[in-house]
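Worksheet: one structure, shown below.
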There are 2 protein chains.
Amino acid sequence: MDLSQTLQSVSTRDAVYRVLKSQILQLELPPGTGISEKEISIKFNVSRTPVRESFVRLAQEGLLEVYPQRGTVVSLIDSVLVEEARFMREHLERAVIRLACAAFPANSLSSMKRNLAMQRVCIEEQDYKSMFQLDEEFHHMIFEGCSKKNTWDVVQQIKVHLNRSRMLRLAADYDWEYLYQQHLLLYEAIEQQDVQHGDSLMREHMELTIADQTMLKQKYPHYYK
Amino acid sequence: MDLSQTLQSVSTRDAVYRVLKSQILQLELPPGTGISEKEISIKFNVSRTPVRESFVRLAQEGLLEVYPQRGTVVSLIDSVLVEEARFMREHLERAVIRLACAAFPANSLSSMKRNLAMQRVCIEEQDYKSMFQLDEEFHHMIFEGCSKKNTWDVVQQIKVHLNRSRMLRLAADYDWEYLYQQHLLLYEAIEQQDVQHGDSLMREHMELTIADQTMLKQKYPHYYK
DNA sequence: CCTACTACACTTGTATGGTAGTATGGTAGT
DNA sequence: ACTACCATACTACCATACAAGTGTAGTAGG
């Protein structure tokens, strides 16, 4: 693998970090995989230093487990942590949607309207990759409209732990139409300033991922702790 | 400075990390202070490597800002981030206290009762350092009783950004008696399973730190961004 | 006197060698 | 055949050397 393209703009460390993180979240490096500094440094054709520093960051995010003098493995998925991550995200998103339903800038609202229109198109064209991106941006816009950028960043950190189990239940089996309907209703709640409705809608929306955690754990036992 | 004592149990990197983090949060390294890897490595009598890896972690937590080839400074306090941290903590603590008021294990409840008794003693003895610790443990127990250990860890991460501004308004000027009364009421809400009361109590409790943020920013302008 | 350039003293970034601890497979001894 | 031991090949950890970029002070030239 060659990182030279990425290297132009950012440091070697950041490039290694991003590639590794992506590979872990995409399950290209499955949970439990043993990796070593030397192995990665050879693979990426860099020295061990930037690799080590990437390991430090990834370990802090809970994606790697480093055992001194023994080795490093990609963290197993912790189903307790996954549920708590969902819990945290639910309550933060609900707190923000309540703010949004109380007051929301007009230009952010119209941005969301455009986003919804693009979601409509993506579903009809079955472009689920773009839809995934639009879903992210939709939620991001709610936080931005409420001036809660840092909160969004924290949610992103938390979501890391939801990501891999979401990846397991292949992206295809999502009911995107239902998802779109929920987004539409959330938008309307903000527009009509209906705090209670927005709150219950978001709670419902966040409970989508609560299911089949045990099912996944049974299906992929070696990926779970 | 010598780290040899700490070195027995943990790695040099962790020792450096802990000391630096402590010094930053205690304002012994005030916001805006310029520090270099070499300077710290000489001071601690270690090589640059573990210092660098500590810097990576601290930068990720937002306590350091690293400018490549130029230098590293202790992050200025971001008042927007402080308020958002308070916002996040409030909603997570409220979500958990509602769980606690719905169902709470008896042994955790009695642990809290013992903690409250010790708080009573500390206030009378004006031992505010221990009181600070007991305050932490009190909230921790609520999370533990609800099996939300990971959520507590995230709250701890978030609280880092509250810590320094709380340190500025010297610990002494806290109304510990009022704090104790709030804790007592929170305990009773859990005991009596009064969800609504617990929620509003915690909201009030979390709003304690909302004040005088602008005052602090005026008093210590060079510490703020 | 003022400007522009250069040399130098910094900084962080990267590469590499050596150290200590761990796991494993093979071998000698029972 | 089985167990205990030892050599070996790993691992992450730490120290050090080198590279590359930045700011500044001092100096030469106008």
Side-chain angles (χ1 to χ4, degrees), chain A residues 1-21 23-24 29-76, chain B residues 1-21 24 29 31-76:
Chain A
M1 180 170 303
D2 188 18
L3 299 177
S4 54
Q5 292 179 348
T6 328
L7 270 174
Q8 290 174 357
S9 49
V10 297
S11 65
T12 316
R13 175 179 62 208
D14 286 359
V16 171
Y17 166 77
R18 292 183 192 183
V19 172
L20 282 180
K21 183 169 182 174
Q23 289 186 347
I24 293 172
L29 289 173
T33 306
I35 59 178
S36 76
E37 300 170 359
K38 193 165 192 173
E39 166 198 352
I40 301 295
S41 68
I42 293 174
K43 203 158 150 188
F44 289 177
N45 195 30
V46 297
S47 79
R48 302 199 315 274
T49 304
V51 175
R52 260 185 75 77
E53 293 172 358
S54 299
F55 277 25
V56 170
R57 293 184 63 180
L58 292 168
Q60 189 163 5
E61 295 186 59
L63 293 177
L64 287 184
E65 306 232 350
V66 177
Y67 302 99
Q69 271 72 38
R70 305 207 293 157
T72 301
V73 298
V74 178
S75 298
L76 296 175
Chain B
M1 184 169 302
D2 189 16
L3 299 177
S4 55
Q5 293 179 345
T6 329
L7 269 175
Q8 292 175 355
S9 51
V10 298
S11 64
T12 320
R13 175 178 61 207
D14 286 359
V16 172
Y17 167 77
R18 292 182 192 182
V19 173
L20 282 181
K21 182 169 181 174
I24 293 172
L29 288 174
T33 306
I35 59 177
S36 76
E37 299 171 359
K38 192 163 192 172
E39 165 197 352
I40 301 296
S41 67
I42 292 174
K43 202 156 149 190
F44 288 178
N45 196 30
V46 296
S47 80
R48 274 182 53 211
T49 304
V51 175
R52 259 186 77 77
E53 293 171 358
S54 299
F55 277 28
V56 170
R57 292 185 64 181
L58 292 167
Q60 191 165 6
E61 295 186 62
L63 293 177
L64 287 184
E65 305 232 349
V66 177
Y67 302 99
Q69 270 74 38
R70 307 206 302 154
T72 302
V73 298
V74 178
S75 299
L76 296 175

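Labels below follow one simple rule: chain letters A, B, ... track the order of the sequence lines, proteins then strands, and each chain is numbered from 1.
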Decide side chain to side chain donor-acceptor pair (under 3.5 Å) for A:Gln69 and A:Tyr67; before the verdict, give the C-alpha distance in whole Å, the side-chain angles of both, and the deciding distance to 0.1 Å. CA-CA 6 Å; A:Gln69 271 72 38; A:Tyr67 302 99; over 6 Å; no
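The stretch residues 48-62 of chain A touches DNA chain C through A:Arg48, A:Thr49, A:Pro50, each having a heavy atom within less than 4.0 Å of the strand. Residues from residues 64-73 of chain B placing a heavy atom under 4.0 Å of any atom in DNA chain C, listed by number, are B:Val66, B:Tyr67, B:Pro68, B:Gln69, B:Arg70, B:Gly71, B:Thr72.
The closest side-chain heavy-atom distance from B:Arg13 to B:Val46 is not below 4.5 Å. Using a 4.5 Å heavy-atom threshold, the side chains of B:Gln60 and A:Val56 count as separate. The shortest side-chain heavy-atom distance between A:Thr12 and A:Phe44 does not fall under the 4.5 Å cut-off.
Residue A:Ser47 places at least one side-chain N or O under 4.0 Å from the OP1 or OP2 atom of C:dA15. Distances shown here put every side-chain N or O of A:Ser11 at or beyond 4.0 Å from the OP1 or OP2 atom of C:dG13.
Once rounded to the nearest 0.5 Å, the distance linking CG of A:Leu20 with CZ of A:Arg57 reads 11.5 Å. With values rounded to the nearest 0.5 angstrom, B:Thr49 atom OG1 is found 8.5 Å from A:Glu53 atom CD. A distance of 10.5 Å separates CZ of A:Arg70 from OG1 of A:Thr72, quoted to the nearest 0.5 Å.
Listed for the A:Thr33 side chain is no donor-acceptor partner under 3.5 Å among the backbone atoms of A:Val74.
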Dot-bracket, DNA chain C: Watson-Crick or G-U, under 3.5 angstrom, [ ] crossing, | other strand? ||||||||||||||||||||||||||||||
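Going from atom CD1 of B:Ile42 over to atom P of D:dA15 covers 13 Å, rounded to whole Å. In this entry the distance linking CD of A:Glu37 with C1' of C:dT14 reads 14 Å, nearest Å. Regarding A:Lys38, its NZ atom lies at a distance of 15 Å from the P atom of C:dT19, rounded to whole Å.
When all heavy atoms of A:Tyr17 and A:Ser54 are compared, the closest pair comes out as N-OG, 3.3 Å. For the residue pair A:Pro31 and A:Ser75, the shortest heavy atom distance occurs at CB-O, 3.4 Å.
Among the nucleotides C:dT11, D:dC13, D:dA15, the one closest to the side chain of B:Arg13 is D:dC13.
A side chain to side chain contact (heavy atoms under 4.5 Å, CB included) with A:Lys21 is found for exactly one of A:Leu64, A:Leu58, A:Val16, namely A:Leu58.
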